[in-house]
> 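Structure below; questions to follow.
This is a predicted model, so every value here is computed, not measured. Letters A, B, ... are given to chains in the order of the sequence lines, protein chains preceding strands, and every chain is numbered from 1. Heavy atoms only: backbone and side chains are in, while hydrogens, waters and symmetry mates are out.
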Amino acid sequence: MPIQLFDSLERKLKPLAPAHPDGVFRFYNCGPTVYAPAHIGNFRTFVVNDVLRRLLELEFGADRVKHVRNLTDVDDRTIGQTQKEKRPLAEITQKWTDKFHADCDALNCLRPHVEPTATGHIREQVDMIEVLMEKGNAYRAPDGSVYFKIASFPAYGALSRIKERELKVTNSAFDADHKDDIGDFALWKAYKPEEDGDVQWPGPRTAAAGRPGWHIECSAMIKKHLGETIDLHTGGVDLLFPHHENEIAQSQCCNGTTFARHWYHSEHLLVDGTTMSKSKGNYYTLGDLVEKGYSPMAVRYALLSGHPRKQLNFTLDSMHAAGSALATLRAFRTTLHASGVTHDVFAPVFAALQDDLNTPAALGALFSIINRKSVEASAASFDRVLLAFGLKLDAPAPRANVPADILALAEKRWVAKQAKDFATADALRQELAAAGWSMLDRKTDYKLEPLKKV
RNA sequence: GGCGCGGUAGCCAAGUGGUAAGGCCGAGGUCUGCAAAACCUCUAUGCGCCGGUUCAAUUCCGGCCCGCGCCUCCA
């Protein structure tokens with residue numbers, strides 16, 4: 001069964017298939033801006049896209065998928081950070097790129113095949129801008145910036161239905177810029193010494209030195225690494241407008257061909273029922289959750305527990321639920337034997353994933369199957385399911401070091417237990433619990449763990 | 001104001017024109033000195049409210065209420 005996925009442009013489910021004769025599926029996912037740690041909302045998008053990537057590889061073959069995800073390493077926010085920290089742009093973006101990679105690895109996200117950066121593709125962006133200027137789709141503003149003229153692209157707004165919108169009239173940015181029309185957007189931003197520090201490059205012909213506008217980087221990097229027409233372009237819903245709308249305009253005017261055959265947008269994560277923000281105190285990075293004792297795999301599971309095209313309400317309770325569900329899967333895995341079963345009992349799981357990436361339905365199907373009285377599943381078939389979800393069931397990472405006094409108590413209790421002095425042993429268990437530790441007895445030894453969160 | 005999404009058990013969350021997957025929590029049980037783990041059983045006559053269509057609606061249509069998102073550089 002082919003993978004069906006909702007297309008944000010045509011607003012219906014469409015099968016995914018490579019269009020290029022080489023049979024390679026061309027997949028572009030808008031990546032992060034590297035100026036701060038990514039939050040779990042960002043990671044919802046990347047985890048969802050990672051499952052998509054895995055499904056595509058299962059469908060077309062691992063060598064028949066080319067996955068590109070960019071790193072935005074020059075824009076208002078990254079430059080703002082250099083000004084705030086008084087450090088070079090490259091130093092800041094490298095730091096947060098490394099952090100992003102570490103988080104992705106912890107969440108078991110496959111690395112994209114190409115991870116291009118905006119600063120690494122200035123030439124390509126300038127080239128495109130020059131073509132757009134030559135074709136009359138872009139113009140130089142008085143300050144030397146270059147803007148895209150949306151009036152030159154009649155199809156503008158198809159993705160976001162912008163023409164049907166009544167734009168808010170209050171737009172302070174309009175006066176500050178030098179564009180002809182309020183809808184026009186920057187392809188190239190002229191250098192501003194007071195804001196930009198030492199961040200600048202030579203601009204397109206006739207334009208001033210400066211830096212690329214945000215949108216053009218994706219158009220240029222896609223053209224370079226995937227070609228003029230790609231099979232799938234994805235990102236968070238917030239990118240629908242203006243980012244993706246603008247990418248379509250730039251790329252199609254420049255190249256004269258269809259830009260992306262399929263658009264997919266995953267919805268936002270809510271935390272405690274509302275949008276995440278630092279001021280509301282409901283803003284989490286992966287590191288924040290790990291500090292609270294949750295494993296990255298539990299985070300991944302929680303992020304997949306809602307339909308990707310629906311807002312997902314993330315709570316600490318859902319983290320706990322995810323951890324417990326993973327433990328159930330881990331226990332089930334140990335009952336499986338390598339060999340044997342030919343038919344795939346997990347077919348319904350894949351069917352749900354292939355039906356618009358319905359991860360919650362797929363997880364439901366998975367548990368329904370493993371809850372059956374007699375499951376004829378092989379370890380291999382189960383592992384294939386885990387591979388698709390990107391779930392690793394390794395035992396939880398070693399806990400924090402056990403303090404010496406706790407260890408001493410535990411040792412004392414173990415001795416008492418061996419001597420069958422159960423009264424003493426129970427009293428010591430109480431003491432350990434009061435100190436926040438749980439002692440798990442085994443046949444020949446014991447294990448200490450911090451008490452479970454309620 | 002415009003565009004869009006959603007309201008299903010204590011929490012999270014699928015789904016369907018014929019009467020509700022799954023996870024967590026909770027309860028009971030089996031098993032272990034205890035604890036933990038594991039395993040078994042149970043847990044929505046109900047799907048925001050009011051109408052309508054229909055033999056039949058949570059599922060379709062209309063109205064209303066509530067929540068959330070976007071509306072120029074936020075995944």
> Run the ring-centre check on A:Tyr301 versus A:Phe389 and record whether the distance is less than 6.0 Å.
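Ring centroids of A:Tyr301 and A:Phe389 are no less than 6.0 Å from each other.
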
> Please pick, from B:G23, B:A75, B:C34, the nucleotide with the shortest atom-to-atom distance to any side-chain atom of A:Arg429.
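Within the option list, the nearest is B:C34.
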
> Planes under 30° and centres closer than 5.5 Å, is that true for A:His268 with the base of B:A75?
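Answer is yes, a stack.
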
> Is the ring of A:Phe422 stacked on the base of B:G33, with centres less than 5.5 Å apart and planes under 30° off?
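Answer is yes, a stack.
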
> Which of the following nucleotides, B:C12, B:A38, B:G22, is nearest to the side chain of A:Ala327?
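Among the listed nucleotides, the one closest to the side chain of A:Ala327 is B:A38.
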
> State which residues pass ring-ring contact (aromatic ring centres under 6.0 Å, His included) with A:Phe314; sequence neighbours excluded, sorted by chain then number.
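A:Phe314 satisfies ring-ring contact (aromatic ring centres under 6.0 Å, His included) with no residue once adjacent residues are dropped.
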
> Which part of the nucleic acid, if any, lies within contact of A:Lys420, taking any heavy atom under 4.0 Å across all strands shown: a base, the sugar-phosphate backbone alone, or nothing?
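Nothing, no heavy atom under 4.0 Å.
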
> Does the cation-pi check pass for A:Arg384 over A:Phe346, that is, NZ or CZ under 6.0 Å from the six-membered ring centre and within 45° of its axis?
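No; the conditions do not both hold, so A:Arg384 does not lie above the ring face of A:Phe346.
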
> Using the ring of A:Tyr446 (Phe, Tyr or Trp, six-membered ring only), decide whether A:Arg413 places NZ or CZ under 6.0 Å from its centre and within 45 degrees of its axis.
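The answer is no, since A:Arg413 fails at least one limit relative to A:Tyr446.
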
> Checking all strands, does A:His39 fall into the base, sugar-phosphate, or nothing category for heavy-atom contacts under 4.0 angstrom?
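If one applies the 4.0 Å heavy-atom cut-off, A:His39 turns out to touch a base.
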
> Would you mind reporting whether A:Arg300 and A:Lys392 have side-chain heavy atoms less than 4.5 Å apart?
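No, their side chains stay 4.5 Å or more apart.
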
> Select one nucleotide: of B:C25, B:U72, B:A14, the one nearest the side-chain heavy atoms of A:Ser324.
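Taking heavy atoms from C-beta onward, the closest nucleotide is B:C25.
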
> What is the distance, rounded to the nearest whole Å, between atom CG of A:Asn49 and atom C1' of B:A75?
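Computing the A:Asn49:CG to B:A75:C1' distance gives 9 Å.
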
> Assign A:Thr275 to base, sugar-phosphate, or nothing according to its heavy-atom contacts below 4.0 angstrom with the strands shown.
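If one applies the 4.0 Å heavy-atom cut-off, A:Thr275 turns out to touch the sugar-phosphate alone, with no base involved.
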
> What contact category does A:Gly235 fall into here, base, sugar-phosphate, or nothing, at under 4.0 angstrom with non-hydrogen atoms?
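It contacts sugar-phosphate atoms only.
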
> When we call it a touch if two heavy atoms are under 4.0 Å apart, what does A:Arg69 touch: a base, just sugar-phosphate, or nothing?
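The answer is nothing, as A:Arg69 stays clear of every strand by at least 4.0 Å.
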
> Residues two or more places apart in sequence or in another chain: which of them pass side chain to side chain donor-acceptor pair (under 3.5 Å) with A:Ser305?
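So A:Ser305 forms no side chain to side chain donor-acceptor pair (under 3.5 Å) with any residue.
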
> For RNA chain B, produce a single dot-bracket line, 5' to 3'. Pairs: Watson-Crick or G-U wobble, both distances under 3.5 Å. Symbols: ( ) within strand, [ ] crossing, | other strand, . unpaired.
(((((((..(((.........))).(((((.......))))).....(((((.......))))))))))))....

> NA contact type, A:Gly323, heavy-atom cut-off 4.0 Å: base, sugar-phosphate, or nothing?
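Since no nucleic acid heavy atom lies under 4.0 Å of A:Gly323, the category is nothing.
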
> So if I take every side-chain heavy atom of A:His307 and compare against B:A14, B:C68, B:G33, which nucleotide ends up nearest?
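Between B:A14, B:C68, B:G33, the one nearest the side chain of A:His307 would be B:A14.
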
> Can you label the angle between the A:Phe148 ring and the A:Phe185 ring as parallel, tilted or perpendicular, going by 30° and 60°?
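The rings of A:Phe148 and A:Phe185 lie parallel, inter-plane angle below 30°.
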
> Which nucleotide in the set B:C12, B:G7, B:U72 lies at the smallest distance from any side-chain heavy atom of A:Ile182?
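Looking only at side-chain atoms, A:Ile182 lies closest to B:U72.
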
